[in-house]
Amino acid sequence: MKRRSWIIIAILIALVAGWFVWKRLNPPPVIDPYKTAEVVKGDLTEEITANGIINPVRVVSVGTQVSGTVQELYADFNDRVKAGQLLLRLDPALFNSRLQASEAQLANARATAQLQAANAARAAQLVKQDYISRQDYETTLASAKSAAAQVQQAEAQIRQDRANLEFSVIRSPVSGVVISRQIDIGQTVAASFNTPTLFQIARDLTEMQIEAAVAEADIAKVKTGQTVDFTVDAYGTRKFEGKVDQIRLNPTTQQNVVTYTVIVKAANPDGALLPGMTANASFVVSDRKGVLLVPNAALSFKPAGYKPRRAPGAKARAPQADMVTVFVLKDGQPQPRRLRAGPSDADNTEIVAGPLSAGDIVITASNAPDKKGGGIFGGPPDTRRPSANGGRGADGKGAPTRERSDS
């Protein structure tokens, strides 16, 4: 029994010794304290994004001035029509009846007018011979003029009834494509205070426009004539191009968010863009070539415990919106650089002025392990691999990379 105990102790001692030897021969990898990226010169495009609905540039709504039942229909969706082409016809029975009644009333008014005119002529002869009084003559003359006025009124009523009969035949006011039809055969159209819309005709589908909603924070950057790149969900990554045509001054407020409608004109020669599509537009604010670029992550990095220094006796100045602090890795230590920043995109920011040049190594994040918690419940040990190229990007050539911080 005693011999077995010594054997177990010897095995444990051998295991512990082997573990210490393995640890000495396999030291833990050295982890770079910082994630870095190299400052380079390149191109930068500043953009703002907005969504909008695609519509034809000119859409004509075709309505009717009279009420009636649709008797015949001559146009449908997607039909190409010409100006003056027949679109539909309302039942003309009521309009014909009104016209016939007006014609009969006109005939009656003309007969009455002829009789009153003859009476007025006879009264003129009688008043000269003093057979009737002057008052009787004037009364007869007034009756004749009233009868003539009734004839004119009847003629006007006939013109109105004939116009209504013509209005029962709906024709296209322009040449284009029917994009909407809101009636069908047998449907009753009621024209009262609001004119009902029967058809919508797009004059030219080779020219489309986007009604984009731009936030008030970005509207100052939008100018007439700017280039706009946009995509639609139907064509995936295919990009279309347009130009800003109009910035409407009427704001829209929804849930305390103010937006302005910006009209973007876009060519549609192949008919790929359809009315009602949602466009994801990018307004090109500026396009910079060969400028000094710094990753956006470097602008937000601050070493632990860093406090900006101020010269003794210097007064505190108001912070400037375009001034940023970037930390450059020099001799293994972060050194702050006060810089003036320019436009930025999703990845990089242009440096307009300051003590920074191409080739400098800027710090984008810290590689220090997270020390939250502690003890046996502090979580698993750090398993990140060391940076093989000093954090200079995946290609090893110093291209700016934007890495995510583990904090």
Side-chain angles (χ1 to χ4, degrees), residues 43-61 179-180 194 197 200 202-205 207-268 272-288 291 293-300 317-325 339-352 402:
D43 301 337
L44 182 140
T45 302
E46 182 184 9
E47 298 178 340
I48 59 176
T49 59
N51 296 329
I53 303 300
I54 298 176
N55 287 313
V57 175
R58 295 182 179 179
V59 178
V60 179
S61 297
I179 61 174
S180 175
N194 297 324
T197 299
Q200 284 187 328
R203 299 190 64 175
D204 186 8
L205 290 180
E207 289 289 336
M208 307 293 281
Q209 69 180 19
I210 305 172
E211 299 178 6
V214 179
E216 62 174 327
D218 298 327
I219 194 62
K221 300 179 182 179
V222 179
K223 306 295 181 184
T224 303
Q226 275 181 349
T227 301
V228 179
D229 298 327
F230 65 95
T231 60
V232 293
D233 294 339
Y235 297 100
T237 58
R238 176 182 174 182
K239 285 192 175 182
F240 301 85
E241 185 174 317
K243 296 285 186 181
V244 175
D245 182 70
Q246 184 185 53
I247 303 173
R248 294 183 177 174
L249 304 180
N250 184 28
T252 301
T253 304
Q254 291 183 352
Q255 298 181 351
N256 295 328
V257 177
V258 180
T259 59
Y260 291 84
T261 300
V262 177
I263 304 300
V264 178
K265 295 287 184 67
N268 187 32
L273 300 176
L274 303 180
M277 283 184 171
T278 301
N280 305 309
S282 297
F283 295 78
V284 180
V285 177
S286 62
D287 192 7
R288 307 274 185 164
V291 296
L293 300 179
V294 167
N296 292 335
L299 305 182
S300 59
R317 298 181 180 179
Q320 300 179 2
D322 57 347
M323 298 300 294
V324 297
T325 300
L339 311 171
R340 185 178 299 277
S344 62
D345 59 10
D347 299 318
N348 302 309
T349 297
E350 177 190 358
I351 299 302
V352 178
R402 188 177 184 184

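Everything numeric in this text was worked out from a predicted model, so none of it was measured.
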Any donor and acceptor pair, going by atom type alone, linking the side chain of Gln226 with main-chain N or O of Lys221 inside 3.5 Å? yes
Measure the shortest side-chain to side-chain distance between Thr278 and Ile53 over non-hydrogen atoms and say whether it is less than 4.5 angstrom. yes
Tell me which donor-acceptor pairs under 3.5 Å the side chains of residues 232-240 have, and how far apart each pair is, sequence neighbours excluded?
residue	atom	partner	partner atom	Å
Tyr235	OH	Ala272	O	2.9
Arg238	NH2	Asp270	OD2	3.0

Nearest 0.5 Å, please: how far is CZ in Arg248 from CD1 in Ile263? 3.5 Å
Is any side-chain heavy atom of Leu293 closer than 4.5 Å to a side-chain heavy atom of Ile351? no
If you measure from CD1 on Ile210 to OG1 on Thr261, what distance do you get to the nearest 0.5 Å? 13.0 Å
Is any side-chain heavy atom of Thr252 closer than 4.5 Å to one of Val258? no
Closest contact, heavy atoms only, Pro56 versus Leu205: CG-CD2, 3.8 Å
Looking at CG of Leu274 and CG of Asn55, how far apart are the two atoms once the value is rounded to the nearest 0.5 Å? 11.5 Å
For the atom pair CG (Asp218) and OG1 (Thr259), what is the distance rounded to the nearest 0.5 Å? 11.5 Å
Note: Val59 and Gln200 closest approach over all heavy atoms is CG1-CB, 4.1 Å
Take Ile219 and Ile247 through the test side chain to side chain contact (heavy atoms under 4.5 Å, CB included) and record every step on the way to the result. CA-CA 9 Å; Ile219 194 62; Ile247 303 173; 3.9 Å; yes
Which atom names give the shortest non-hydrogen contact between Gly242 and Phe230, and what distance separates them? N-CE2, 4.2 Å
Minimal non-hydrogen separation, Val244 against Val228, with atom names: CG2-CG2, 3.7 Å
Over all atoms of both residues, closest heavy-atom pair of Thr349 and Ala341: CG2-CB, 3.9 Å
Residues Asp229, Ser282; criterion side chain to side chain donor-acceptor pair (under 3.5 Å); working and verdict: CA-CA 5 Å; Asp229 298 327; Ser282 297; over 6 Å; no
What's the verdict on side chain to side chain contact (heavy atoms under 4.5 Å, CB included) for Lys243 and Val264, showing C-alpha distance, side-chain angles and the deciding distance? CA-CA 5 Å; Lys243 296 285 186 181; Val264 178; 5.8 Å; no
Going by ring-ring contact (aromatic ring centres under 6.0 Å, His included), name the residues that satisfy it together with Phe283, two or more places apart in sequence or in a different chain. none
Residue that, paired with Asn268, satisfies side-chain contact (heavy atoms from CB on, under 4.5 Å) out of Ile54, Asp204, Leu273, Val57: Leu273
Criterion side chain to side chain contact (heavy atoms under 4.5 Å, CB included) on Thr325 and Leu299, from CA distance to verdict: CA-CA 6 Å; Thr325 300; Leu299 305 182; over 6 Å; no
Please determine if Arg58 and Glu207 form a salt bridge, counting it only when a charged side-chain N lies under 4.0 Å from a carboxylate O. no
So NZ of Lys265 and CD of Glu241: to nearest 0.5 Å the spacing works out to 15.5 Å
Distance check, rounded to the nearest 0.5 Å: Asp345 atom CG versus Thr45 atom OG1? 7.5 Å
Given the rule in the salt bridge (charged side-chain N to carboxylate O under 4.0 Å, His left out) test, do Arg288 and Glu46 qualify, once you have shown the distances and angles that lead to the verdict? CA-CA 8 Å; Arg288 307 274 185 164; Glu46 182 184 9; over 6 Å; no
If every non-hydrogen atom of Asn296 is compared with every non-hydrogen atom of Ser344, which pair is closest and at what distance? OD1-CB, 4.3 Å
